[in-house]
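Computed from a predicted model, the values in this text were never measured in an experiment. Counting convention: from 1, in listed order, for ligands and their atoms alike.
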Amino acid sequence: MILVTGTKGQLGSDVSAELKKRNIPHIPSDVDTLDITDKAAVEKFFGENDISAVIHCAAYTAVDKAESESELCFKINAEGTENLAIECSKKGAKMLYVSTDYVFPGDGDKPFGVNDKKNPQNVYGKSKLMGEEAVKKHLSKFFIVRTSWVFGEKNTNFIHTMLRLSETRDEVSVVCDQIGSPTYAKDLARLLCDIIATDKYGEYHAHNSGFCSWNELAEETFRIAKKNVKVNPVTSEEYKTAAKRPKNSRLSMTAVTENGFTPLQHWKDAVKEYLGNIL
Ligand SMILES: NC(=O)c1ccc[n+]([C@@H]2O[C@H](COP(=O)([O-])OP(=O)(O)OC[C@H]3O[C@@H](n4cnc5c(N)ncnc54)[C@H](OP(=O)(O)O)[C@@H]3O)[C@@H](O)[C@H]2O)c1
């Protein structure tokens, strides 16, 4: 049986839907049914259920708020992940941990490879890296899949915010010097279900193909949604946020292709499909 965490969130909900579509038995969970920070509850859950694999999508994901709530962020992303890794280790279960581009330093302009040096620049990135370290410490049968700029049908995301702003504004200012890849949760969910079915353990990067800035993503969103909103480019220095964000969020997907998995569609096609589904 596969345990999926965070199934009320963007990615977890699509992973659960994809497993259901494939008729793969699994237990969907979120904080209301399995609080991953509650060590005793996690232990009890694994004692009562025959878990052979975990797709761990639950996380503290409020990147700016994490700067002032670091204790909670570390508790969920680092300790919560370690609680799951310990139980997977006891059961001999495999674990897929979803991580982030924010574990990298964000310098340069080349895509980061899976083995490149980690140096997170904000609390959220540090907590996710601690989660990765916990997985590696307790398990040999693990997958770490780093992704970026996720948009899905549950919860809010950047595209959702742009659409909301378009209701009241005809101009928005969006950062133009942070480059990365948007990731449609549905596309990533399919890949995660492919990966968990194998024993091709190790580290992966997965996102929709191609790179862009947040500014370009906003423009493409308004173009497809036929919203007449002007997108003004601003720099990271001009658009201050509580958490420092990497300028280079490019991730190399070679581990996905080298292991024979299908890369995700281009981000522009993914945005089009997403908007077609939600509008
Ligand atoms: N979103 C992105 O742009 C992005 C980018 C890179 C990597 N990632 C990673 O991708 C994964 C999925 O992200 P997402 O966008 O789907 O996140 P999300 O929509 O915020 O979903 C995360 C889910 O985890 C739940 N959760 C929080 N604390 C929990 C706990 N103690 N026990 C059990 N569940 C708990 C959340 O519940 P509440 O909402 O009630 O807190 C939420 O339902 C995460 O690992 C994230 O770090 C996301």
Expected list for residues 84-94: side-chain donor-acceptor pairs under 3.5 angstrom, two or more places apart:
| residue | atom | partner | partner atom | Å |
| --- | --- | --- | --- | --- |
| Glu87 | OE1 | Lys90 | NZ | 3.4 |
| Glu87 | OE2 | Lys90 | NZ | 3.0 |
| Lys90 | NZ | Glu43 | OE2 | 3.2 |
| Lys91 | NZ | Phe46 | O | 2.6 |
| Lys91 | NZ | Asn49 | O | 3.2 |
| Lys94 | NZ | Ile196 | O | 2.9 |
| Lys94 | NZ | Thr198 | O | 2.9 |

If you draw the axis of the six-membered ring of Phe261, does the NZ or CZ of Lys200 fall within 45° of it and under 6.0 Å from the ring centre?
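Flagged: Lys200 positioned over aromatic ring of Phe261.
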
Would you name the heavy atoms of Glu220 and Arg223 that are closest together and state the gap between them?
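Taking every non-hydrogen atom into account, OE2-NH2, 2.9 Å.
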
Looking only at atom types and distance, does a side-chain atom of Asp14 sit under 3.5 Å from a main-chain N or O of Ala189, one as donor and one as acceptor?
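Pair absent, no side-chain N/O of Asp14 close to backbone of Ala189.
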
Would Met130 end up clustered with Tyr97 when hydrophobic side chains under 4.5 Å apart are linked, directly or stepwise?
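No, Met130 does not connect to Tyr97 through the hydrophobic network.
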
Mind checking whether Leu264 and Leu96 sit in one hydrophobic cluster, side chains of I, L, V, M, F, W, Y counted as touching below 4.5 Å?
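Yes, because Leu264 and Leu96 connect within a single hydrophobic cluster, where side-chain heavy atoms sit under 4.5 Å apart.
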
Enumerate the pairs of nitrogen or oxygen atoms, one from ligand 1 and one from the protein, separated by less than 3.5 angstrom; state names and distance to 0.1 Å.
| residue | atom | partner | partner atom | Å |
| --- | --- | --- | --- | --- |
| ligand 1 | 3 (O) | Val150 | N | 2.9 |
| ligand 1 | 15 (O) | Gln10 | NE2 | 3.0 |
| ligand 1 | 16 (O) | Gln10 | N | 3.2 |
| ligand 1 | 16 (O) | Leu11 | N | 2.8 |
| ligand 1 | 19 (O) | Gln10 | N | 2.9 |
| ligand 1 | 19 (O) | Asn155 | ND2 | 2.7 |
| ligand 1 | 20 (O) | Thr61 | OG1 | 2.7 |
| ligand 1 | 24 (O) | Ala59 | N | 3.3 |
| ligand 1 | 31 (N) | Asp35 | OD1 | 2.9 |
| ligand 1 | 32 (N) | Ile36 | N | 3.1 |
| ligand 1 | 34 (N) | Val31 | N | 3.3 |
| ligand 1 | 37 (O) | Asp30 | OD1 | 3.2 |
| ligand 1 | 43 (O) | Gly9 | N | 3.4 |
| ligand 1 | 43 (O) | Asp30 | OD1 | 3.3 |
| ligand 1 | 43 (O) | Asp30 | OD2 | 2.8 |
| ligand 1 | 45 (O) | Val98 | O | 3.2 |
| ligand 1 | 45 (O) | Lys128 | NZ | 2.7 |
| ligand 1 | 47 (O) | Tyr124 | OH | 2.6 |
| ligand 1 | 47 (O) | Lys128 | NZ | 3.0 |

